[in-house]
Amino acid sequence: MNLIQSQFPILSRTIYGKPLVYLDNAATTQKPQVVLDAIQTAYTQRNANIHRGVHFLSQEATIAHESARDVVRDFIHARSSKEIIFTRGTTEGINLVASCFGQQLQEGDEIMVSMMEHHSNIVPWQLLSMQKNVKIVPIPFDENGELEMEEFRKLFSKKTKFVSIAHVSNALGTVNPVKEIIAEAHRHGALTLVDGAQSTPHISIDVQDLDCDFFAFSGHKIYGPTGIGILYGKESLLNSLPPYMGGGEMIEKVSFSGTTFNELPYKYEAGTPDYVGSTALAAALRFVSEIGMEKIAKHEQDLLNYCTERLHDLGGVRIIGQATKKSGLISFLLGDVHPFDVGTILDKLGIAVRTGHHCAQPVMERMGIEGTVRASFALYNTKEDIDVLIEGLLRVKKMFRM
Ligand code: C6P
C-alpha cells in the first residue's frame with residue numbers, strides 16, 4: 001500500500017478474501033481520512049443549523065459552510081462565491097437549469113445535447129420538452145467516440161437557445177472540446193451548460209476560461225461525500241432566472257400579499273443546506289489540490305495508456321471509445337462474453353468494475369451494443385491494479401474457452 005492509498009481506509013479491506021481492487025471510480029470514488037474526519041468533526045464539534053441561529057455553534061457552522069463555498073469558488077476558478085450553488089449533485093444541477101431557464105423558452109425553441117450524454121443531461125431536457133414543446137437536437141458522434149464537430153456547427157438554427165454538453169463522457173472517456181463548443185454556442189446567442197461530473201475529478205477546471213454559463217458536478221466523484229454537488233452559474237444569469245424550489249433560506253420576506261427572494265446564492269438553496277457535506281467536500285477539494293490536479297491528471301493518463309496497451313496485448317478485446325483525448329476511463333468488451341458475466345467473475349476476484357449501459361443508453365445504441373465493462377481510475381490506482389484486472393480477464397477468457 002503506497003502513501004496515497006494508505007489515506008483511504010476502505011482500500012485496505014478484502015473482498016471474498018482478496019485485496020480490493022477498486023476500478024469503479026467513475027461511479028463514485030472512495031473517501032480519504034481527511035474527508036471522513038471532516039464529517040466527524042462537523043457532527044461532533046459544531047452541529048447546528050446554519051444562517052439561522054445567533055448562538056455560537058450556529059455561527060461557527062455557518063462560517064464553515066460559507067468558507068467551503070469559497071474553497072469551491074477557488075477550485076473551479078469562479079469569479080464570485082455568489083455563483084456557487086450547493087446542490088445534491090450533477091443531476092440536481094442540470095434539472096435546476098432545465099427547469100429555471102426552461103421557463104423562458106417558447107414552443108419550437110431548440111436545446112442541443114450530444115448523443116454521448118449521461119441520462120442526467122437528456123431526461124431533464126425531455127421533461128422540459130414535454131411541458132414547453134421545445135425540441136431536443138442531438139449532436140452525433142463517430143465510431144471513435146468523438147463528436148462530429150462539422151455536423152454540430154450545422155445544427156444551429158435561429159431557435160437554438162441552449163447547448164448542454166458533457167465535458168467527459170462517462171461511457172466512452174472522450175474529453176469533449178467544450179471550450180470550442182461554448183464559443184460556437186455563444187456566437188449563435190445560445191447559453192451553455194457543461195456537465196462536469198466526469199471531468200472535475202480529473203482535469204483542472206476554470207469556468208471563466210471555459211466561459212460556460214453553467215457548470216455542474218458531484219462531490220462524491222471527487223473523493224467527497226454523497227448528496228452534495230455544485231452548480232456554478234454566471235451571476236447575471238442566476239440573478240435573472242426564477243428560483244428553483246421554494247422554502248426557507250431562499251426568501252427575503254414572505255407575506256400573503258407577495259414574497260420576495262433572497263440574494264445569490266441563497267435564492268437557489270431552499271431548506272436546510274447540507275452544511276456537513278459542504279465542509280467535507282471542501283476537505284476533498286483541498287486534498288486533491290494539495291496533491292495537484294496536474295499530477296493527478298498525469299498519473300491517470302499513465303494508467304489509461306498502460307491499461308489500453310495491456311488490453312490490446314490480451315487479445316479478443318474491443319475497446320469502446322477510441323477518441324484521441326480520453327480521460328482515465330476505459331470501456332471494453334471481451335469477445336462475446338456478456339459484460340455482466342465479466343463483471344461478476346472479476347468481482348469474485350476482488351475487482352470492482354462497472355458493467356452495463358452506464359446510464360448512457362443512446363451511447364450503446366449508437367455503438368450497436370447493449371453495454372460494456374468499464375474500468376475507471378482514480379489517484380490511488382496503480383499499474384499493479386491493472387495487472388490484477390488483466391489477470392482477472394485472463395481467467396474470464398479461460399472460463400469461456402477464448
Ligand atoms: N455517472 C457513472 O457510473 P450524480 O448521480 O448526480 O452524482 O451524477 C450524474 C452524472 C451526470 N453526468 C455524468 C457524465 C455522469 O457520469 C453522472 C454519473 C455515474 O457513470 C453514475 S450513473
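Start at 1 and go down the list; that is how both ligands and their atoms are numbered.
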(request) Give a yes or no on whether the backbone of Q361 and the side-chain of H119 come within a donor-acceptor separation of less than 3.5 Å. (result)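 A pair under 3.5 Å: yes.
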
(request) Say whether, by atom type as modelled, one donor and one acceptor occur between the side chain of R374 and the main chain of N170 under 3.5 angstrom. (result)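 The answer is yes, because a donor-acceptor pair under 3.5 Å joins these two groups.
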
Where is the nearest protein heavy atom to [atom]: which residue, which atom, and how far?
atom                    : value
atom 8 (O) of ligand 1  : S218 OG, 3.7 Å
atom 15 (C) of ligand 1 : H118 CD2, 3.4 Å
atom 2 (C) of ligand 1  : R354 NH1, 3.1 Å
atom 16 (O) of ligand 1 : Q198 NE2, 2.7 Å
atom 5 (O) of ligand 1  : T91 OG1, 3.7 Å
atom 18 (C) of ligand 1 : K221 NZ, 2.9 Å
atom 14 (C) of ligand 1 : D195 OD2, 3.4 Å

(request) State if A26 counts as touching ligand 1 under the rule of any non-hydrogen atom under 4.0 Å. (result)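 It does; at least one heavy atom falls under 4.0 Å.
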
(message) If we only consider heavy atoms of H220, is any one of them less than 4.0 Å away from an atom in ligand 1?
(response)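 Judged by the 4.0 Å heavy-atom criterion, H220 does count as contacting ligand 1.
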
Short N/O distance, under 3.5 Å, between [X] and ligand 1?
X    : answer
E92  : no
S120 : no
H358 : no

(message) Less than 4.0 angstrom from a charged side-chain N to a carboxylate O is my criterion; do K161 and D109 meet it?
(response)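 The answer is yes: the pair qualifies as a salt bridge.
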
(request) Taking only Lys NZ, Arg NE, NH1 and NH2, and the carboxylate oxygens of Asp or Glu, determine whether E269 and R69 approach each other closer than 4.0 Å. (result)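 Result for this pair is yes, salt bridge flagged.
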
Pair [X]-[Y], side-chain donor/acceptor within less than 3.5 Å:
X    : Y    : result
H358 : T372 : yes
D385 : Y22  : no
H118 : Q198 : no
T90  : S218 : yes

(request) Record the part of R374 in heavy-atom contact with ligand 1 below 4.0 Å; permitted values are side chain, backbone, both and neither. (result)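 The answer is the side chain of R374.
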
(message) For V178, run the side-chain contact (heavy atoms from CB on, under 4.5 Å) check against T192, V168, I165 and tell me which one passes.
(response)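 Running side-chain contact (heavy atoms from CB on, under 4.5 Å) over T192, V168, I165 with V178 returns exactly one hit, I165.
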
